[in-house]
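Basis for what follows: all heavy atoms, side chains included, without hydrogens, waters or symmetry-related copies. Below, chain A is the first sequence line, B the second, and so on; all start at residue 1.
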Protein chains: 2
Amino acid sequence: MKKAKKHSVKGIAEKLNISPTTVSFVLNGKAKEKKISDEMIERVLAYVKEINYKPNQLAQSLRTGKSKIIVFMVEDISNHFFASIARKIEDLAYEQDYKVLFCSNENKDKKSRDLIQLFKDRQVDGYIINPSPGIKKDIEALIQEDIPVILFDRYFPGLKTHFVGIDNEEASYKATLHLIENGFKKIGFITLATTQTQMANRKKGYLKATKEHGLSERVLEIEFEAGNPQSKKELIKEFIFKEDLDAIYFSTNYLTQSGLEVFKENSPELIDKFGILTFDDHEFFKIHTPTISAIAQPKDAMASELMKLMLMLLKKSTKDLPPKEIILKTELLPRQSTLLKNH
Amino acid sequence: MKKAKKHSVKGIAEKLNISPTTVSFVLNGKAKEKKISDEMIERVLAYVKEINYKPNQLAQSLRTGKSKIIVFMVEDISNHFFASIARKIEDLAYEQDYKVLFCSNENKDKKSRDLIQLFKDRQVDGYIINPSPGIKKDIEALIQEDIPVILFDRYFPGLKTHFVGIDNEEASYKATLHLIENGFKKIGFITLATTQTQMANRKKGYLKATKEHGLSERVLEIEFEAGNPQSKKELIKEFIFKEDLDAIYFSTNYLTQSGLEVFKENSPELIDKFGILTFDDHEFFKIHTPTISAIAQPKDAMASELMKLMLMLLKKSTKDLPPKEIILKTELLPRQSTLLKNH
DNA sequence: GTGAAAGCGCTAACAA
DNA sequence: TTGTTAGCGCTTTCAC
C-alpha cells in the first residue's frame, strides 16, 4: 500500500465538474453568504465526506497567513507548575483546532529572543509567554506588529499587555501572616536573586508582614544560575542552620525541593523544629513528613483564562481588546509544617 | 511602527538584479553545486544578512513537503517522567532547527488516532510515540507511508518498528530480587490493568522472581480509568492493609504517589513496617520519609537516543534503516524503604 | 449562483 | 553560470 492519493480542492472540483471556488466556499462555510444552491452544497459535502478529504493546513496557512499554532513559552516545561498548565492548555487548544508549540526559555533573554524569532518565521498566531527578565522590548515589538501576546506569571512594569497571574504580594503577605499567627518570629525567606515581578512581589509581601509585626527581615537570595545544584544547597544549608531562624518560607517550588533535600541530607529530625512554608503546591507536599504548608496557585483556572483570552484575541472581531489583566485567587493550604512548634 | 516590510526571495532577486533561482540556490547551500560564482554568493549573502531575511517556513514547507516539525506524543505530558524527557527532546530538536509538537493521548486510542490524523494534515516530518494499546494498525499505516516513527517506552509485539526503551522484565526481576534479598517474603505488586508491554513485562519480572524463590504472587491490577482518584486509593488501601504483605512494589510512579498518600492519610507510622519499592524515580523519593527505593529509567539517555535516531531517519540517506531497537540500562537505587525491617 | 484566475513565498526542472 | 517558469494547495476578487 503506497501513500493514498492526496485529494485537493482542485481534484474535488474536477470530479464534481464544478470550480474550485465553489468547493472552497462550501468548505469554508461561506456557501450561504455566496448564495450557493443547497443541492450543490449537499453534493460537495457528501463527496468530501466520502473521500475523507482534509484541507492541507500548510497551503491554507500560506494563503491566509494564519498557522493555527500558538506558542506556550515558559521557563522550564519540565517544572511541575508549568507542565500542569501546559497539559490543560493543550486540551483547550486542540478543542479549537489549534496546536501548541511548547518551549522553555530557561529564563534567559537570548533563548527567549531566538525562540520568538523562530516562531515569527513560522507565522505563529499567538504567544503565551512567561518572560525572561530582559525581553520587554521584544514583547513590545510583537505587540506593535499586532500579534496576540499574553504574559503570565510575571510582567513588565510600565508595559501594558494582556496578563494572567496572581497577586503575589497579597498572597505572600497572607502567607507570612500565617506564619506569624502560628507563633513564628524569626522567619527566613529564601528566594531567587531577580527583579522579576513575581519574585519581587513575593518578597514585598514578606517584608510588609514582617515589618508590620516588628520582626527582623532575613532574606536569602539565590542566583538563578547558582553553579551546580550542590552549591545552591550549600547556601541554603548555611542560611537555615546558622541564621537562628524558627521558620523558613520558600518563594518557589524548586527552592523548596532543595531545602527539603538539605534537611534530609543533614539533620532530618531538625525539620520539626522549623515552620516550613512554600509558594506553589505539589502533590508530594501532602505526603512529605511533615506535610508542607503551601500557597497554591490556581493552575487550572490560569490555563482556562489564558486560553479563553487567547481565543478572543485570535478572533478578528475581538482582537483589539484593551490590555486585560486577569488576577486569580491563590489558596493557602495550612499543613503540619506550620503548626505551632514548641520553642 | 508598523510591521516591517516582509522580504522575499523575489524581492531580494529584484533588488540585486538577479533571478530568484540564484538567490534560492545560495540560500540553500547549493551554490557550489550549481557553480555560482563566489562573488555572486558573497553579494547575496551580504544583502540577506543586511536585511536580516528569514525564509518563510510555511512556503518552504508547502513546496518541499517537509515541515521541520516532529511530534512527541505521550500518555500525559504533565507526568514527571514524560515532561523530563520532553524537555531534553526540545533542546536537541531546536539545535537542529526542528520544532516539537508535544501532545498527550491519555493512553486512549481515539485520542491517539485523532492526533495522528491532525498531524498528517500538517505534514509533520516524524513521530515519537508512546502508543496507546490499540493503535498498532495506525502505526503500521504511518510506516507504510514512509513516515519516520519511533515508539518508546512500550511497543507492539510482532510489529517491527524503531524503538527506544528499557528491558522492563529484567529491571523488574532484579528489583523484586532486591526485595527478596532484603528479607521480604510477602511482596505485593501494584500495577495497571493493561496488556501493554511495559507493564506486562514488569509483571513478568516480578512473577519470575517470586516464583524462583517459592514466594506467593500477590498482584493488584488497577484499571487505567479507575473512576476518581479516590476509588483508586480505596483499592490500594484494601490491598495494602488486608493482604498480609510485608513489601509493596509499585509498577509506575503515579501509583506510588497514590500509595504513599494512602499511608499518609491512614496510618503514617505503618509505612516503616513495609518494604516499599517503585518503578520510575522522582526527586521527591529522596526526600520522603522513609526515602523510597526506586528503579530509575535513564531519561536523558532516552531523549538523546530518540533524537539521534529521529534525526537519522529524517535524513534521506539514512531513512531506510532497518528497525532499530535501543534498549537502555536502568538503575536500581536502594534507599531506606527497602532496608531489612524487623518483622 | 458559479467560475477564471491571481497569487501567498518558495523550489527546482528546464532553458539559455 | 544564471534566468524563466511552473507549480505546491489554497483563498478570494472580480467577472459572467
Side-chain angles (χ1 to χ4, degrees), chain A residues 3-45 48 51 53-68 97 120-125 316, chain B residues 3-45 47-48 51-68 97 120-125 316:
Chain A
K3 190 179 295 206
K5 204 182 114 255
K6 280 286 174 203
H7 297 289
S8 71
V9 168
K10 198 173 156 203
I12 296 173
E14 274 169 15
K15 185 84 185 178
L16 262 37
N17 272 317
I18 55 178
S19 96
T21 315
T22 313
V23 178
S24 176
F25 283 155
V26 172
L27 255 30
N28 292 302
K30 300 198 177 158
K32 288 287 170 209
E33 182 185 324
K34 299 291 178 182
K35 303 196 187 152
I36 294 188
S37 69
D38 284 356
E39 69 165 332
M40 184 88 275
I41 296 179
E42 193 53 42
R43 214 150 68 87
V44 173
L45 255 25
V48 159
I51 63 173
Y53 165 78
K54 304 278 176 190
N56 179 323
Q57 266 282 351
L58 245 33
Q60 212 163 296
S61 297
L62 178 61
R63 185 61 233 240
T64 60
K66 297 286 152 209
S67 60
K68 287 273 185 181
D97 202 25
K120 275 176 132 175
D121 303 341
R122 226 166 236 292
Q123 336 253 71
V124 160
D125 291 349
K316 246 205 172 113
Chain B
K3 187 180 299 207
K5 204 181 114 255
K6 281 285 176 204
H7 297 288
S8 72
V9 169
K10 199 173 155 203
I12 296 173
E14 275 169 15
K15 185 82 184 177
L16 262 36
N17 273 315
I18 55 177
S19 97
T21 316
T22 314
V23 178
S24 176
F25 283 154
V26 172
L27 255 29
N28 293 302
K30 298 193 180 164
K32 289 287 170 206
E33 184 184 324
K34 299 292 177 181
K35 305 197 188 151
I36 293 185
S37 68
D38 285 356
E39 68 165 334
M40 183 87 276
I41 297 179
E42 192 53 40
R43 212 149 70 87
V44 174
L45 255 26
Y47 183 64
V48 158
I51 62 174
N52 189 29
Y53 164 80
K54 304 280 176 189
N56 179 324
Q57 265 283 351
L58 245 33
Q60 212 164 297
S61 297
L62 178 61
R63 186 61 236 241
T64 60
K66 296 287 152 207
S67 60
K68 287 275 188 177
D97 202 24
K120 276 175 130 176
D121 303 343
R122 224 167 239 292
Q123 337 253 69
V124 160
D125 291 348
K316 247 209 172 109

D:dT12 phosphate, OP1 or OP2, under 4.0 Å from A:Lys30 side-chain N/O: yes

Short side-chain N/O contact to C:dT11 OP1/OP2 from B:Gln60, under 4.0 Å: yes

Taking atom C1' of D:dT1 as reference, at what distance in whole Å does atom CD of B:Glu33 sit? 14 Å

Kindly say if A:Thr21 contacts the phosphate of C:dG3, meaning a side-chain N or O under 4.0 Å from OP1 or OP2. no

Does D:dC8 have OP1 or OP2 sitting under 4.0 Å from an N or O in the side chain of A:Asn56? no

Atom CD of A:Glu39 and atom P of C:dT2: how far apart are they, to the nearest Å? 8 Å

Starting from the first five and the last five pairs of the helix from C:dG1-D:dC16 to C:dA16-D:dT1, work out the angle between the resulting helix axes, to 10 degrees. 50°

Can any side-chain N or O of B:Arg122 pair as donor or acceptor with the backbone N or O of A:Gln57 at less than 3.5 Å? no

Which is true for A:Leu58 with a 4.0 Å heavy-atom rule: it touches a base, it touches only sugar-phosphate, or it touches nothing? nothing

Exercise: identify the closest heavy-atom pair between A:Leu58 and B:Ser61: CD2-CB, 3.6 Å

Can you tell me how far C1' of D:dT12 sits from CG of A:Leu62, to the nearest Å? 14 Å

Heavy-atom nearest nucleotide on DNA chain C for B:Pro55 versus A:Phe25: which residue maps closer to 5'? A:Phe25

Rounded to whole angstrom units, what separation is found between the NZ atom of A:Lys10 and the P atom of D:dA6? 13 Å

B:Lys34 vs D:dT2: side-chain N/O to OP1/OP2 distance below 4.0 Å: no

Within less than 4.0 Å of OP1 or OP2 of C:dT2, is there a side-chain N or O belonging to A:Ser37? yes

Which one, C:dT2, C:dG9, C:dC8, comes nearest to the side chain of A:Arg63? C:dC8

Whole-Å distance, A:Asp38 CG to C:dT2 P, equals 10 Å

DNA chain D: B:Asn17 or B:Ala59, which has the more 5' nearest nucleotide? B:Asn17

Can you find a pair of side-chain heavy atoms, one from B:Ile18 and one from B:Val23, that are under 4.5 Å apart? yes

Out of B:Thr22, B:Asn28, B:Thr21, which residue meets the side-chain hydrogen bond (donor to acceptor under 3.5 Å, both in side chains) rule with B:Ser24? B:Asn28

Correct closest heavy-atom pair for B:Ala13 and B:Pro20 would be CB-N, 3.5 Å

In whole Å, what is the span from the CD atom of B:Glu14 to the P atom of D:dG3? 13 Å

In whole angstroms, the gap separating C1' of D:dC8 from NZ of B:Lys66 amounts to 14 Å

For the pair B:Asp125 (side chain) and B:Lys68 (backbone), establish whether a donor and an acceptor sit closer than 3.5 Å, ignoring hydrogens and angles. yes

Using every non-hydrogen atom in the two residues, find where B:Asp121 and A:Pro55 come nearest and quote the distance to one decimal. CB-O, 4.3 Å

I want to verify a distance call: between D:dC10, C:dT2, C:dC10, whose nearest atom is closest to the B:Tyr53 side chain? C:dC10

Between D:dC10 (P) and B:Gln123 (CD): distance, integer Å: 10 Å

When you compare the side chain of A:Asn56 with that of B:Leu62, does any pair of heavy atoms fall below 4.5 Å? yes

Could you tell me whether the phosphate oxygens of D:dG3, OP1 or OP2, come under 4.0 Å of any side-chain nitrogen or oxygen in B:Thr22? yes

Hey, is the side chain of A:Ser8 poking within less than 4.0 Å of OP1 or OP2 on D:dG9, counting only N and O atoms? no

